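Below is one structure; the comments refer to it alone.
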There are 2 protein chains.
Amino acid sequence: MQRCCPPAVGDTAERTNEAAIFKALGDAHRLTILATLSRAEDEVCVCDLGSALPLNQPAVSHHLKILRDDGLVICERRGTWVYYRLALTQKTALSVHYAP
Amino acid sequence: MQRCCPPAVGDTAERTNEAAIFKALGDAHRLTILATLSRAEDEVCVCDLGSALPLNQPAVSHHLKILRDDGLVICERRGTWVYYRLALTQKTALSVHYAP
DNA sequence: CGCTAGTATCGAAATATGTCAATGCAACGA
DNA sequence: TCGTTGCATTGACATATTTCGATACTAGCG
């Protein structure tokens, strides 16, 4: 396989993982959730997250699951309520630089 | 409207714009395109961008249009070929910090 | 058990992705 | 000039994924 330019850095699987994170961020409602969590000094319960969005509870829960599955937020149940907070991992740092 | 937590920063329109950029990055093929452009010292023509992807030309063109519409790349036609390069604007800096 | 908070599942509408065909655009040769 | 060739984009369509509401379900409390 002959090419004029060097092949792209990183394999496809790695790039797919990166894309999944960006995809999770590619929704205005989820950005609102993350912004709310970031502004909150402490964790925020689901009902408060939902009250800032024009969605009903199942839809909010759906978006939260996406953020959970991508490791962007973590949740903890205490009694009746579930509290969310940002998962401050490398992923959320998001200092993206192409190419590495 | 009464809430326990402060409202999210930024209005919906602004957040929608941000989401559009993340959505553009939320695809492994488009990340490959951006990585290739970033690695290339100079611009890269469409045929070379396409040869690094398991897609045919129309699909590549489609992805390039998404990146163009979001202001992430710019293109220039010279003769028969069209050359792409990164649009090094604020958008591509992508030093994301929530909340601002 | 009843009640509330949150999640999971299902289905419909909207959107995204990729392929094929058709169109533009520029270079080249008769 | 005209037709041909090759690169790139656009449009139409089929398929896949996403989004969100309605409903059903689970967990915890009194």
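Quick note on labels: first sequence line is chain A, next is B, and so on, each numbered from 1. As the structure is a computational prediction, the values presented were derived from the model and not from experiment.
Protein atom CG of B:Leu49 is 9 Å distant from nucleotide atom P of D:dA8, rounded to whole Å. For the pair A:Asp69 CG and D:dT18 P, the computed distance is 12 Å after rounding to whole Å. Atom CD1 of A:Ile66 and atom P of D:dC20 are 9 Å apart (whole Å). We find that NE2 of B:His62 is positioned 14 Å from C1' of D:dC13, with the value rounded to whole Å. Taking atom CG of residue B:Leu55 and atom C1' of nucleotide C:dC20, one finds them 15 Å apart after rounding to whole Å. Between the CG atom of A:Leu67 and the C1' atom of D:dT18 there is a distance of 14 Å, given to the nearest Å.
Among the heavy atoms of the strands lying under 4.0 Å from B:Tyr84 are primed sugar atoms or P, OP1, OP2 only; no base atom is included. Within the nucleic acid shown, B:Arg30 comes within 4.0 Å of sugar-phosphate atoms alone, with no base atom in reach, counting heavy atoms only. Contacts of B:Ala59 with the nucleic acid, taken as non-hydrogen atoms under 4.0 Å apart, include base atoms.
Applying the 4.0 Å criterion to OP1 and OP2 of C:dG18, one finds that B:His63 has a side-chain N or O inside that range. Regarding contacts with the backbone of D:dG28, every side-chain N or O of A:Thr80 stays at 4.0 angstrom or more from both OP1 and OP2.
The listed nucleotides are C:dT17, C:dT7, D:dT10; the one nearest the side chain of B:Lys65 is D:dT10. You'll find that the side chain of A:Arg77 is closest to D:dG28, out of D:dC7, C:dA8, D:dG28. Checking C:dA16, C:dT19, D:dT23 against every side-chain atom of B:Asn56, the shortest atom distance belongs to C:dT19. In this structure, of D:dA8, C:dT19, D:dT18, it is D:dT18 that holds the atom nearest to the side chain of A:Lys23. Distance from the side chain of B:Cys47 is smallest to D:dA8 among C:dT7, D:dA8, D:dC7. Relative to the side chain of A:Arg68, the nucleotides C:dA5, D:dT9, C:dA8 differ in distance, and C:dA8 lies closest. For B:Pro58, counting side-chain heavy atoms from C-beta on, the closest listed nucleotide (C:dT17, C:dA5, D:dT10) is D:dT10.
Inter-residue side-chain proximity for B:Leu25 and A:Ile21 is flagged as unmet; no heavy-atom pair is nearer than 4.5 Å. Here the side chains of A:Tyr84 and A:Val73 are in contact, with some heavy-atom distance below 4.5 Å.
Not one N or O on the side chain of A:Arg30 forms a donor-acceptor pair closer than 3.5 Å with the backbone of B:Ala19.
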Salt bridge (charged side-chain N to carboxylate O under 4.0 Å, His left out) between B:Asp42 and B:Arg85, intermediate numbers included = CA-CA 7 Å; B:Asp42 207 348; B:Arg85 62 173 63 211; 3.4 Å; yes
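Taking the centre and axis of the six-membered ring of A:Tyr83, the NZ or CZ atom of A:Arg77 falls outside the cone set by 45° and 6.0 Å.
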